[in-house]
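Position 1 is the first residue of the sequence, and the numbers go up from there. Computation of the quantities below employed the complete heavy-atom set of this structure, encompassing side-chain atoms and omitting hydrogens, waters and symmetry-equivalent molecules. Values in this document were obtained by computation on a predicted structure and should not be read as measured data.
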Amino acid sequence: MAAGPRRVVRLLPTPTGTPFTFGCLLVLVLSSLFARYGEAGTVGRLLQASGPDAAQLARTPVRVLLAGVPRLPGGPFSPYAVGLVAVLTALERRIGAWRTAAVFVLGHVVATLATEIPVGLSVLAGHLHSSSLHRLDYGVGFGLLAVLGALAGLLGPLARVLVLGWVAVLLAQDLVAYTDPLTAWGHPLALLVGLACRPLVRRAAPRRTVPGRAAVRGPATATAAMAAAATVAVPRQRERGRPGPVPSARPAFPARWRSRKATARAASTAAAAPVSRASRIPETNASRARAISAGSPSA
């Protein structure tokens, strides 16, 4: 299979490869079908009882935080659902099911509490009417934005800028429209929670293996790539029965330069030193011997 179709297939959730995404998709499809084809009164009561508004959070916080997630705006076959599955699958294949679930839940919980607690405090202070405590607030938007922020931390610089720029434009449109203030502010908060998880996500992501190089997490420099290639090539040559490269016995450049400089200084010092009398005695004796042998009187 070519690289392009293989990447598309890897974005599809499977029970064994991406159990968290597969389980979420199954629950979301069932809940969406029930909300569309179920009895209207029953569906309305369930939505009202499971929405994580300020009143429900004050009574049963854990139940409403979990029960308010499995809702898909637009149904199971909407573009929103396709984007959710693609983002969850991409992150889960990089960091695993448990870590993906942790990022999703963390973004959902933090954004929900950060938007609903101020509403409850404003009602207690008398700045808002008590009807503000009851509102239909459900869906996977907060968790999705947190997962998208964490996934952006694993992308390259250009792809990260493009993804975050596109998401920032959509969030800015919601803030300008301001039809749902809590949701409009909760989505940027959830995205920031996902971006804050970037160090942990990058540490948990598997290293990319390049043929002939050591495993790296990101783009390596030329020096690091050459060192990694040399590290991998030495054992491969020895496995084939060839002798490995013999390290050079020449000293490093600074030490070699210092030794040459010291040798040159010693040579110049010896050349400039005056010749002593003892060193001229052998030369004088040799001259007298040559003079006697030639028959000339010696001085």
Do [X] and [Y] share a hydrophobic cluster, counting only Ile, Leu, Val, Met, Phe, Trp and Tyr and linking them when any side-chain heavy atoms are less than 4.5 Å apart?
| X | Y | value |
| --- | --- | --- |
| Leu91 | Trp166 | yes |
| Leu154 | Val85 | no |
| Leu65 | Leu133 | no |
| Leu164 | Leu170 | yes |
| Leu192 | Leu148 | yes |

For the residue pair [X] and [Y], what are the closest heavy atoms and their distance?
| X | Y | value |
| --- | --- | --- |
| Gly149 | Leu195 | O-CD2, 3.4 Å |
| Gly153 | Arg160 | O-NH2, 4.0 Å |
| Tyr80 | Gly141 | OH-CA, 3.0 Å |
| Leu151 | Ala90 | CD2-CB, 3.9 Å |
| Pro52 | Val64 | CB-O, 3.8 Å |
| Leu128 | Ser132 | CB-OG, 4.0 Å |

Donor-acceptor pairs under 3.5 angstrom involving side-chain atoms of residues 22-39: please list them, not counting sequence neighbours.
from, atom 1, to, atom 2, distance (Å)
Ser31, OG, Val27, O, 3.1
Ser31, OG, Leu28, O, 3.0
Ser31, OG, Pro70, O, 2.8
Ser32, OG, Leu28, O, 2.7
Glu39, OE1, Gly41, N, 3.1
Glu39, OE1, Thr42, N, 2.7
Glu39, OE1, Thr42, OG1, 2.9
Glu39, OE2, Gly41, N, 3.1

Exercise for review: Assess whether side-chain contact (heavy atoms from CB on, under 4.5 Å) is satisfied between Asp174 and Thr183, documenting all intermediate values.
Suggested key: CA-CA 9 Å; Asp174 292 341; Thr183 302; over 6 Å; no
Point to revise | Pairing residues for Leu162 by the side chain to side chain contact (heavy atoms under 4.5 Å, CB included) criterion, not counting sequence neighbours | key: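 Listed in chain order: Leu158.
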If we only count heavy atoms from C-beta on, is the [X] to [Y] side-chain gap below 4.5 Å?
| X | Y | result |
| --- | --- | --- |
| Thr100 | Leu88 | yes |
| Val110 | Leu189 | no |
| Leu200 | Ile95 | no |
| His187 | Leu191 | no |
| Leu113 | Leu57 | yes |

Exercise for review: Could you go through the side-chain contact (heavy atoms from CB on, under 4.5 Å) check for Thr18 and Arg93 one step at a time?
Suggested key: CA-CA 7 Å; Thr18 55; Arg93 290 193 182 277; 3.7 Å; yes
Exercise for review: Look up atom CG in Leu171 and atom CH2 in Trp185, then write down how far apart they are to the nearest 0.5 Å.
Suggested key: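 Taking CG in Leu171 and CH2 in Trp185, the distance rounds to 11.0 Å.
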Distance-only criterion, 3.5 Å: show the donor-acceptor pairs between side-chain atoms of residues 115-124 and protein atoms not counting sequence neighbours.
from, atom 1, to, atom 2, distance (Å)
Thr115, OG1, Ala111, O, 2.8
Thr115, OG1, Thr112, O, 3.1
Glu116, OE1, Ala54, N, 3.3
Glu116, OE2, Arg135, NH1, 3.0
Ser122, OG, Pro118, O, 2.8

Check your understanding: Parallel, tilted or perpendicular for His108 and Phe142, by the 30°/60° rule?
Key ->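 Because their plane-to-plane angle lies in the 30° to 60° range, the rings of His108 and Phe142 count as tilted.
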